[in-house]
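Report on one structure; see the data block that follows.
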There are 2 protein chains.
Amino acid sequence: MIANQNYNIAIADDHKLILAGIRNIVLDNQLGTVVGDASNGFQLLQLLQHKKVHLAIIDVNMPEMNGVQTAKKIVELYPDVAILILSQYENIELIKELKIIGVKGYLSKSFESDQLIEGIKTIKENCNYFPLLDREHITFKKDKTQLTTRELEILSLIAKGKTSKEISCQLFLSQYTVETHRKNCMRKLEVNSTIQLINVAKDKGYILYE
Amino acid sequence: MIANQNYNIAIADDHKLILAGIRNIVLDNQLGTVVGDASNGFQLLQLLQHKKVHLAIIDVNMPEMNGVQTAKKIVELYPDVAILILSQYENIELIKELKIIGVKGYLSKSFESDQLIEGIKTIKENCNYFPLLDREHITFKKDKTQLTTRELEILSLIAKGKTSKEISCQLFLSQYTVETHRKNCMRKLEVNSTIQLINVAKDKGYILYE
DNA sequence: ATTTAAATACCAACTTATTGGTATTGTGTA
DNA sequence: TACACAATACCAATAAGTTGGTATTTAAAT
């Protein structure tokens with residue numbers, strides 16, 4: 001067991017106020033030492049090169065390099081660093097994906113700071129912290145609106161403002177294929193326009209950065 | 001001059017972590033007493049009915065009732081409450097509008113927490129705090145990409161996923177008129193699809209809540 | 001009094017998106 | 001092996017969005 005003052009925490013979030021907020025919560029509750037912060041994944045990875053970090057708290061919605069990409073890289077390069085993911089949304093599929101990647105915890109931002117404290121303490125004791133998954137375990141239901149990998153890929157390109165034609169060129173696909181995927185996404189999310197598609201997809205956390 | 005411990009502050013933000021963050025900054029720097037917080041404008045207005053508040057710190061991007069709408073209501077109903085607006089973006093036109101409405105300060109979230117502290121201190125001394133406007137004063141430039149009130153109104157409806165036809169019905173306009181406004185928005189923001197229009201408009205802070 | 005800008009409205013040609021189908025291939029699983 | 005599903009591709013009809021114009025009215029500013 002590492003003493004609290006020797007438990008090194010790094011934070012990545014593109015909102016400075018949230019960085020400061022987390023930093024304060026960590027300090028006030030003596031959960032560890034914040035050895036640095038970052039506004040995106042690249043900065044966090046740079047930080048990890050120079051400093052010994054036990055826990056990385058990462059926002060999933062960051063520009064440049066989002067939380068999922070960053071988490072994958074960290075697990076690959078620094079398997080000893082525990083990862084706690086913060087997100088605005090409660091997307092069960094995303095949480096499951098992150099758990100498989102190897103992150104230690106997932107917290108929705110709509111939760112109180114108490115949960116952050118609990119999450120850090122739990123991870124510090126080398127346990128996983130996925131309160132949303134546990135809840136889901138009780139009220140288990142097969143989600144029909146799951147999007148496939150390809151659908152998510154195309155969705156993120158649509159969200160960036162690309163047309164079906166442009167996407168088909170970029171992915172070396174037929175325009176028809178892209179339109180089929182688009183259509184299936186719309187059916188699954190029960191919408192009937194591109195804007196609604198993107199709005200709902202963001203709401204449900206299928207698109208990580210706008 | 002009100003003593004710090006008697007300076008009552010209310011905070012409105014839909015992110016609990018930011019609420020906690022601001023609360024901590026206020027406490028740690030002994031800037032006042034946080035007498036309550038809210039997740040949207042309605043909650044904040046309810047709070048003001050029951051508690052004496054000297055300063056309301058309001059996030060501009062909130063669901064249900066956004067920061068601008070909330071600020072207007074507060075100025076109307078509680079003209080003695082000072083307002084500090086927080087935003088993710090640096091939209092000079094928005095800041096000017098807020099200043100005219102009567103808010104006392106505007107802070108971009110990309111700024112450090114030092115600025116929040118400075119902002120609260122400045123407003124407490126009954127001065128305005130608009131660091132972005134002051135900067136703008138030096139590098140003054142007439143912005144050609146200003147959107148009109150009507151354009152902003154239509155833009156926000158487009159962002160909600162409504163079609164031109166639906167918008168024309170809702171606003172009792174010809175569909176042609178809506179399409180003209182849409183076209184002019186797209187020209188001004190230099191885009192050529194709805195999704196790009198909404199993306200850029202959000203980036204520039206023309207759309208306050210998604 | 002003249003100019004400028006916002007808001008309104010219309011037309012036509014063209015491009016994309018949307019809806020509702022069908023169909024094939026490969027992969028992994030019951 | 002048979003089944004389910006993801007990924008691919010195609011067709012056709014309809015709806016919506018995009019582009020490039022013109023034009024009128026009203027209100028505010030010079």
Side-chain angles (χ1 to χ4, degrees), chain A residues 92-94 96-97 100 141-202 206-207, chain B residues 92-94 96-97 100 141-202 206-207:
Chain A
I92 301 299
E93 292 311 310
L94 173 65
K96 287 178 184 166
E97 192 193 329
I100 291 165
K141 59 173 197 286
K142 176 77 177 162
D143 193 358
K144 277 184 188 169
T145 66
Q146 278 180 56
L147 298 183
T148 68
T149 312
R150 200 52 150 176
E151 284 165 354
L152 288 172
E153 187 179 15
I154 285 167
L155 205 51
S156 82
L157 293 171
I158 293 172
K160 284 177 185 159
K162 299 192 192 255
T163 65
S164 296
K165 199 187 282 179
E166 287 167 344
I167 296 169
S168 71
C169 290
Q170 185 175 333
L171 300 181
F172 305 105
L173 292 173
S174 159
Q175 192 178 325
Y176 292 119
T177 305
V178 176
E179 282 170 359
T180 299
H181 286 309
R182 179 197 282 259
K183 183 164 54 175
N184 290 333
C185 289
M186 288 173 71
R187 189 176 36 72
K188 286 179 179 178
L189 299 187
E190 296 173 296
V191 296
N192 47 27
S193 79
T194 305
I195 291 285
Q196 284 171 18
L197 176 67
I198 299 309
N199 285 348
V200 172
K202 281 185 182 169
Y206 290 124
I207 296 170
Chain B
I92 300 300
E93 291 311 310
L94 174 64
K96 286 178 185 168
E97 191 194 329
I100 290 166
K141 60 172 193 285
K142 173 80 177 161
D143 193 354
K144 276 185 192 172
T145 67
Q146 278 180 57
L147 297 183
T148 67
T149 311
R150 199 53 151 176
E151 284 165 355
L152 288 171
E153 187 180 15
I154 284 167
L155 206 51
S156 83
L157 293 171
I158 294 172
K160 284 177 184 157
K162 299 192 190 258
T163 65
S164 295
K165 198 188 283 179
E166 288 167 343
I167 295 168
S168 70
C169 290
Q170 185 174 333
L171 300 181
F172 305 106
L173 291 174
S174 158
Q175 192 177 325
Y176 291 121
T177 306
V178 176
E179 282 170 358
T180 300
H181 286 308
R182 179 197 281 261
K183 184 166 54 175
N184 289 334
C185 289
M186 289 174 71
R187 188 176 35 75
K188 286 179 179 178
L189 299 187
E190 296 173 297
V191 298
N192 47 28
S193 79
T194 304
I195 291 287
Q196 284 171 18
L197 176 66
I198 299 308
N199 285 346
V200 172
K202 280 185 183 168
Y206 290 123
I207 297 171

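In the text below, chain A, chain B and the rest are named by the order of the sequence lines, each starting its count at 1.
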Worksheet entry | Worked verdict on V200(B) versus K188(B) for side-chain contact (heavy atoms from CB on, under 4.5 Å) | CA-CA 11 Å; V200(B) 172; K188(B) 286 179 179 178; over 6 Å; no

Discussion item. I'd like to know whether Q170(A) forms a side-chain contact (heavy atoms from CB on, under 4.5 Å) with V178(A), so could you lay out the CA-CA distance, the side-chain angles of the two residues, the decisive distance to 0.1 Å, and finally the verdict.
Written reply: CA-CA 11 Å; Q170(A) 185 175 333; V178(A) 176; over 6 Å; no

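Note on the helix from dA1(C)-dT30(D) to dA30(C)-dT1(D): terminal axis deviation equals 50°, with five pairs used at each end and the result rounded to 10°.
Using a 4.0 Å heavy-atom cutoff across all strands shown, T177(B) reaches at least one base atom of the nucleic acid. When heavy atoms are screened at a 4.0 angstrom cut-off, T148(A) is found touching the sugar-phosphate backbone but no base atom.
Rounded to whole Å, atom C1' of dG17(D) lies 12 Å from atom CD1 of I167(B). When rounded to the nearest whole Å, the span between CG of N184(A) and P of dA9(D) equals 14 Å. Rounded to an integer number of Å, the gap from CZ of F172(A) to P of dT8(D) is 13 Å. Between L147(B) atom CG and dA7(C) atom P the separation is 10 Å, expressed in whole Å. Residue L155(A) contributes atom CG, which lies 16 Å from atom C1' of dA7(D) at whole-angstrom precision. Atom CD in E190(B) sits roughly 16 Å away from atom C1' in dT18(D) (whole-Å rounding). L171(A) places its CG atom 15 Å from the C1' atom of dA9(D), with the value rounded to the nearest Å.
Here the closest heavy-atom approach between residue R150(A) and residue L171(A) is recorded as NH2-O, 4.0 Å. Shown here for G161(A) and Q196(B), the closest heavy-atom pair between the two residues is O-NE2, 3.0 Å. When all heavy atoms of A159(B) and I207(B) are compared, the closest pair comes out as CB-CD1, 3.7 Å. Shown here for L155(A) and A201(A), the closest heavy-atom pair between the two residues is CD2-CB, 3.7 Å. Between I154(B) and H181(B), the shortest heavy-atom distance links the atoms CD1-CD2, 3.3 Å. In plain terms, the two heavy atoms of I158(B) and I167(B) that are nearest each other are CG1-CD1, 3.6 Å.
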Using the 3.5 Å cut-off, write out each protein N or O paired with an N or O of nucleotides 28-30 of chain D and the distance between them.
none

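Comment: E179(B) does not engage R182(B) in a salt bridge, judged by the lack of any side-chain N to carboxylate O separation of less than 4.0 angstrom.
In this structure, CD1 on I195(B) lies 13.0 Å from NZ on K160(A), to the nearest 0.5 angstrom. Atom CG of L157(A) and atom OG of S164(A) lie 10.5 Å apart (nearest 0.5 Å).
Of all nucleotides listed (dA9(D), dA7(D), dA6(C)), dA7(D) comes nearest to the side chain of H181(A).
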Fill in: Per-nucleotide protein contact string for nucleotides 12-28 of chain C (B base, S sugar-phosphate only, - none; heavy atom under 4.0 Å)
----SSBBBB-------

